[in-house]
Amino acid sequence: MTCKNCGQDLPEERFELYPSGTRRRVCRHCHYELHAKQAWRKWMMKQRARVVIGKR
């Protein structure tokens with residue numbers, strides 16, 4: 001399968017499997033980069049803003 005984000009041709013095991021049996025079109029690495037990593041950065045920026053403002 002080919003990842004729609006990075007364009008690499010990867011084996012099917014590198015793509016997340018849905019309960020219906022189909023596979024996600026974005027590889028696990030790109031999915032992490034696009035969603036989990038950015039969510040962590042967003043959370044970190046909120047935490048830093050709370051410290052600067054003085055809220056807990």
Side-chain angles (χ1 to χ4, degrees):
M1 287 181 74
T2 303
C3 176
K4 291 213 176 218
N5 189 52
C6 64
Q8 292 183 11
D9 191 27
L10 301 168
E12 287 191 9
E13 295 81 33
R14 301 287 300 268
F15 296 87
E16 188 175 340
L17 183 65
Y18 288 118
S20 63
T22 59
R23 296 205 177 260
R24 186 183 298 271
R25 297 291 180 191
V26 178
C27 67
R28 291 178 190 264
H29 180 265
C30 289
H31 186 260
Y32 168 76
E33 291 288 328
L34 293 170
H35 299 285
K37 198 170 183 182
Q38 288 184 9
W40 182 83
R41 286 182 184 151
K42 188 177 179 181
W43 175 81
M44 184 58 71
M45 293 304 289
K46 285 181 181 179
Q47 295 300 317
R48 289 180 183 173
R50 285 183 183 162
V51 170
V52 170
I53 293 172
K55 292 183 178 179
R56 286 189 157 186

- [ ] Sorted by first residue and then second, give each salt bridge (Lys or Arg N to Asp or Glu O under 4.0 Å) pair with at least one member in residues 36-47; sequence neighbours left out.
- [x]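 Only Glu33-Lys37 qualify under salt bridge (Lys or Arg N to Asp or Glu O under 4.0 Å).
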TODO: Identify, with sequence neighbours excluded, every residue that meets side-chain hydrogen bond (donor to acceptor under 3.5 Å, both in side chains) alongside Gln38.
DONE: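 Gln38 satisfies side-chain hydrogen bond (donor to acceptor under 3.5 Å, both in side chains) with no residue once adjacent residues are dropped.
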Please report, to 0.1 Å, the donor-acceptor pairs under 3.5 Å made by any side chain of residues 15-30, with sequence neighbours excluded.
unit_1: Glu16; atom_1: OE1; unit_2: Arg24; atom_2: NE; d: 3.3
unit_1: Glu16; atom_1: OE1; unit_2: Arg24; atom_2: NH2; d: 3.2
unit_1: Ser20; atom_1: OG; unit_2: Thr22; atom_2: OG1; d: 3.3
unit_1: Arg23; atom_1: NH1; unit_2: Glu12; atom_2: O; d: 3.3
unit_1: Arg23; atom_1: NH1; unit_2: Phe15; atom_2: O; d: 2.9
unit_1: Arg24; atom_1: NH1; unit_2: His31; atom_2: NE2; d: 3.4

- [ ] Give me the other members of the hydrophobic cluster that Trp43 sits in, counting Ile, Leu, Val, Met, Phe, Trp and Tyr linked by side-chain heavy atoms under 4.5 Å, directly or via other members.
- [x]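 Its cluster partners, ordered by chain and number, are Trp40, Met44.
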